[in-house]
Asker: 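This is the structure I have questions about; it appears just below.
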Amino acid sequence: MPPVHSSPYFQVDNPAIQSLLRQTTKEKRSKSSSSGGLFKIFKLFPMLTSGCKMVALLGRPRKPLLKDSASTGTIFGYRKGRVSLAIQEDPHCLPMFVIELPIHTSIFHKEMGSDIVRIALESETKTHKKKVLEEFVWGVYCNGRKIGYSIRRKQMSDDELHVMQLLRGVSMGAGVLPSPNDKESSGDGELTYIRARFDRVVGSKDSEAFYMINPDGAAGAELSIFFVRAH
């Protein structure tokens, strides 16, 4: 796929996604490129063990920490498996979108070390009867590189339900989660996660973007997720 956007991190030849990128490009360039917020916590993963549960440290408040209209995004997976992405309009409700990405957790952790992570999901569906997030088959890009295809979940797996249940009272955070009982002795490694609030920007009926909100609005690393339906 030939690049048309000047960013070295994200290159997709779809004009719909370019309009979403333009809305934040100038603002992002003016901010510091130093790592901060949740990315800083995420980089501590090699130091974390199953005995250090960030969820326990964060607590589980009865009410959401933030009462705005932002969406909640969670990226999680076993260290020796692939990462999954879940997007919720309400952190207490089931996700409106769940997909296992074609990238291993260890590789995704390395991408997080770049301070800029842009994930793009592109659907080649020709009909427009569904909303863009209702499409099933997606080509997946990470920082400008195509990494494969994924299919949106119709139903969540037991592991995905387990993660959503553990994090339903957490608005943002990163760390290691307790594994389900039947996975404690498996060879998949620890179950890691990063969870944050995202600004949702609807570019058109064929494009949406989610921009991670750093804690307290501080400048820091970028995590953006783009959904585009090709024409």
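Keep in mind that this is a model prediction, so the values were computed, not measured. Basis for what follows: all heavy atoms, side chains included, without hydrogens, waters or symmetry-related copies.
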Asker: For Lys154 and Phe136, run side chain to side chain contact (heavy atoms under 4.5 Å, CB included): C-alpha distance rounded to whole Å, both residues' side-chain angles, the deciding distance at 0.1 Å, then the answer.
Answerer: CA-CA 9 Å; Lys154 291 184 179 180; Phe136 280 100; 3.4 Å; yes
Asker: To the nearest 0.5 Å, tell me how far Ser84 OG sits from Leu101 CG.
Answerer: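 Output value for this atom pair is 7.0 Å.
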Asker: Run the side chain to side chain donor-acceptor pair (under 3.5 Å) test against Arg82 and tell me which residues pass, sequence neighbours left out.
Answerer: none
Asker: Sub-3.5 Å donor-acceptor pair from the side chain of Arg229 to the main-chain atoms of Lys130, do we have one?
Answerer: yes
Asker: In Å, rounded to the nearest 0.5 Å, how long is the span from CG of Leu94 to CD of Glu160?
Answerer: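 With rounding to 0.5 Å, CG (Leu94) is 11.5 Å from CD (Glu160).
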Asker: Are any side-chain N or O atoms of Ser71 and backbone N or O atoms of Phe198, one a donor and one an acceptor, separated by less than 3.5 Å?
Answerer: no
Asker: Regarding Arg168 and Gln88, do their side chains bring together a donor and an acceptor under 3.5 Å, going by distance alone?
Answerer: no
Asker: Using the rule that Ile, Leu, Val, Met, Phe, Trp and Tyr join whenever any side-chain heavy atoms are under 4.5 Å apart, tell me whether Leu161 and Leu191 fall into a single cluster.
Answerer: yes
Asker: Is there a chain of hydrophobic side chains (I, L, V, M, F, W, Y, each step under 4.5 Å between heavy atoms) that links Val137 to Ile147?
Answerer: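 No, separate clusters.
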Asker: Do the side chain of Asn143 and the main chain of Ile116 share a donor and acceptor less than 3.5 angstrom apart?
Answerer: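 Such a contact is found between Asn143 side chain and Ile116 backbone.
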Asker: Are Asp159 and Tyr78 close enough that some pair of their side-chain heavy atoms sits under 4.5 Å apart?
Answerer: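 Yes. Closest side-chain heavy atoms under 4.5 Å.
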Asker: Grab the two heavy atoms, one from Ile103 and one from Cys142, that are nearest each other, plus how far apart they are.
Answerer: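 Nearest heavy atoms, Ile103 then Cys142: CD1-SG, 4.4 Å.
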Asker: What verdict does the side chain to side chain contact (heavy atoms under 4.5 Å, CB included) test give for Phe226 and Tyr141, after you've listed the backbone C-alpha separation in whole Å, the side-chain angles of each residue and the deciding distance to 0.1 Å?
Answerer: CA-CA 10 Å; Phe226 302 88; Tyr141 299 77; over 6 Å; no
Asker: Compare every heavy atom of Lys146 with every heavy atom of Gly139, then report the nearest pair and how far apart it is.
Answerer: CA-CE, 4.5 Å
Asker: Just do the side chain to side chain contact (heavy atoms under 4.5 Å, CB included) check on Phe108 and Val117 with the steps written out, would you?
Answerer: CA-CA 9 Å; Phe108 183 75; Val117 177; 4.1 Å; yes
Asker: Treating Ile, Leu, Val, Met, Phe, Trp and Tyr as nodes and any side-chain heavy-atom pair under 4.5 angstrom as an edge, say whether Val132 and Ile151 lie in one connected cluster.
Answerer: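 In one cluster: no.
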Asker: Could you state the interatomic distance from CD1 (Ile194) to CE (Met172), rounded to the nearest 0.5 Å?
Answerer: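 Answer rounded to 0.5 Å: 10.5 Å.
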Asker: Spell out, yes or no, whether Met96 and Leu85 are grouped together once hydrophobic residues are joined by side-chain heavy atoms under 4.5 Å, including indirect joins.
Answerer: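 Both belong to a single hydrophobic cluster.
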Asker: Keeping Thr192 on the side-chain end and Gly77 on the backbone end, is there a donor-acceptor pair under 3.5 Å?
Answerer: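 It does hold such a pair.
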Asker: I'd like to know if the side chain of Arg79 pairs up with that of Thr105 as donor and acceptor (distance under 3.5 Å, no hydrogens or angles considered).
Answerer: no
Asker: Measuring only between side-chain heavy atoms, which start at C-beta, is Glu222 closer than 4.5 Å to Tyr211?
Answerer: no
Asker: Distance alone, cut at 3.5 Å: any donor-acceptor contact between the side chains of Thr72 and Arg197?
Answerer: yes
Asker: Run the side chain to side chain contact (heavy atoms under 4.5 Å, CB included) test on Tyr149 and Glu124 for me, step by step, so that the C-alpha distance in whole Å, both residues' side-chain angles and the decisive distance to 0.1 Å come before the verdict.
Answerer: CA-CA 11 Å; Tyr149 288 89; Glu124 298 178 355; 4.1 Å; yes
Asker: Kindly give the heavy-atom pair with the smallest separation between Ala196 and Met212, and that separation in Å.
Answerer: CB-CG, 3.7 Å
Asker: So does Lys131 have more than 12 non-hydrogen atoms from other groups sitting under 6.0 Å from NZ?
Answerer: no
Asker: How about Phe97 and Glu135: do any of their side-chain heavy atoms sit closer than 4.5 Å?
Answerer: no
Asker: In terms of side-chain geometry, is the basic nitrogen of Arg200 or Glu208 positioned less than 4.0 Å from the acidic oxygen of its partner?
Answerer: yes
Asker: Is any side-chain heavy atom of Ser157 less than 4.5 Å from a side-chain heavy atom of Glu100?
Answerer: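 Not in contact.
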Asker: Closest heavy-atom contact between Leu177 and Tyr193?
Answerer: CG-CD2, 3.6 Å
Asker: So how far is it from Glu134 CD to Ser123 OG, rounded to the nearest 0.5 Å?
Answerer: 11.5 Å
Asker: Which heavy atom of Ala86 sits nearest to which heavy atom of Met164, and what is that distance?
Answerer: CB-CE, 4.0 Å
Asker: Grab the two heavy atoms, one from Glu122 and one from Ala230, that are nearest each other, plus how far apart they are.
Answerer: OE2-CB, 4.0 Å
Asker: How many angstroms lie between CD in Glu111 and CG in Leu223, if you round to the nearest 0.5 Å?
Answerer: 11.5 Å
Asker: Is there side-chain contact between Ile75 and Ile119, with at least one heavy-atom pair below 4.5 Å?
Answerer: yes
Asker: Report yes or no: does Arg152 contribute a side-chain atom to a donor-acceptor pair with the main-chain N or O of Trp138 at less than 3.5 Å?
Answerer: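 Side chain of Arg152 to backbone of Trp138, a donor-acceptor pair under 3.5 Å: no, none is there.
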